[in-house]
Amino acid sequence: MIPKRTFRQRLLTWYGGSARDLPWRRTRDPYAIWVSEIMLQQTRVQAVIPYYERFLAKFPDVRNLAAASESDLLAAWAGLGYYSRARNLKACADLVALRRGRFPETEAGLRELPGIGAYTAAAIAAIAFDHPAAVVDGNVERVVSRLYSIATPLSEAKAEIRAHVEGMVPLIRPGDFAQAMMDLGATICTPRRPRCMLCPLREDCSATVSGDPEHFPVRLPKAEKPLRRGAAFVAVRSDGAILLRKRQDKGLLGGMTEVPTTGWTARNDGATTDAAAPFTADWRRAGQIGHVFTHFALELEVFRAEVNGAAPAGHFWSLVHEISGEALPTVMKKAIEAAIPGATKKPSPQSAKRLA
Ligand code: SF4
């Protein structure tokens, strides 16, 4: 049994001198903390920071976000992946704006909002409102698995880990405690080569005594992801504009922008040759790109053609200086870049002026 008082004291003292300086930690604004927590689901901290800063500059409060169009929101989110998060963000902002911009303070109240699950509700309740919520992310799971040398595979040990965390959370500074546990996992108790000599919890840790902390958390072997195939067609006009279309609102990458592609899905391959092009043109092979989604990997053959005239029904021409602002998911940016290197990068202010 780990003595709770000294454990918490050591952890919070360490946090006082070692907390990571992250932009969402410079505020207690629930809106900013909520945005950061949604972005951090499935995305690394370093990758989130520039998106978070741009997003907060564009949508500084929840009313502002509620008033934005979905396409503006998706464009600000493009590149972060897992786009259902962005659509839930909008649905949630709409509801909170109706509550005069006030977020519920309890985990139960927060969980009623779209896109806020158990983890996110606990994180917002603890960090923004200092409620003693048990916040359990992947970092915390790793730390607790090691502290207690939990031999059950992680997928089956979630309830046990949560029970340990619930027993640890202090009534004073629960928000700092949650962030300290996350920071410890991110910077000291790392998946590979944990730095136990620097760890404020080493006296309490059973895994470090065993001499093999990396053994925890115990994981079952991963199933290999299926590989799906398809083709993407990048049509370029003589002024450099690229032909795009919007994906259906529902499903994978729903509502995002894409170049025409064949009918690949998470379960089925699409056609892979230019015989499946959406219209006749002099299609030339421009390369192949790969992208890994949560449940499958995708390989797209990319074709390029010079095309002029009006956009076919359901498509539109995106001008050179507009392409970087389109809601293009990473897989579509890769396809365009394979056909036209540099096309999805933001033009410099001088060239943007020239192109406008
Ligand atoms: S002593 Fe090592 S294994 Fe244990 S919690 Fe600290 S860093 Fe992790």
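Just so you know, ligand 1 is whichever comes first in the structure, and atom 1 is the first atom listed for that ligand. Everything quoted here is computed from the prediction, not taken from an experiment.
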Sub-4.5 Å side-chain heavy-atom contact between Lys334 and Thr344: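 SC-SC contact between Lys334 and Thr344 ruled out.
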Identify whether the distance between the nearest side-chain nitrogen and carboxylate oxygen of [X] and [Y] falls below 4.0 Å.
{"X": "Lys158", "Y": "Glu141", "value": "yes"}
{"X": "Arg285", "Y": "Glu301", "value": "yes"}
{"X": "Arg87", "Y": "Glu70", "value": "no"}
{"X": "Lys90", "Y": "Asp72", "value": "no"}
{"X": "Arg28", "Y": "Asp130", "value": "yes"}

Protein residue, atom and distance nearest to atom 8 (Fe) of ligand 1, heavy-atom basis: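 Checked against all protein heavy atoms, atom 8 (Fe) of ligand 1 sits closest to Cys189 SG, 2.4 Å.
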Nearest neighbour in protein (non-hydrogen) for atom 2 (Fe) of ligand 1: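 Sorting protein heavy atoms by distance from atom 2 (Fe) of ligand 1 puts Cys196 SG, 2.3 Å first.
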Proximity to ligand 1 by part of Arg146, non-hydrogen separation under 4.0 Å: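 For Arg146, the contact with ligand 1 is made by the side chain alone.
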Proximity to ligand 1 by part of Pro213, non-hydrogen separation under 4.0 Å: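 Side chain only; the backbone of Pro213 stays clear of ligand 1.
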Backbone or side-chain N/O/S of Cys205 under 2.8 Å of atom 8 (Fe) of ligand 1: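 No - counting backbone and side chain alike, Cys205 has no N, O or S atom under 2.8 Å.
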Contact check: Cys199 to atom 4 (Fe) of ligand 1, N/O/S below 2.8 Å: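 Looking at Cys199, which is the residue asked about, there is no N, O or S atom under 2.8 Å from atom 4 (Fe) of ligand 1.
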Contacting atoms of ligand 1, where contact means under 4.0 angstrom from a heavy atom of Arg202: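 Answer for ligand 1: 1 (S).
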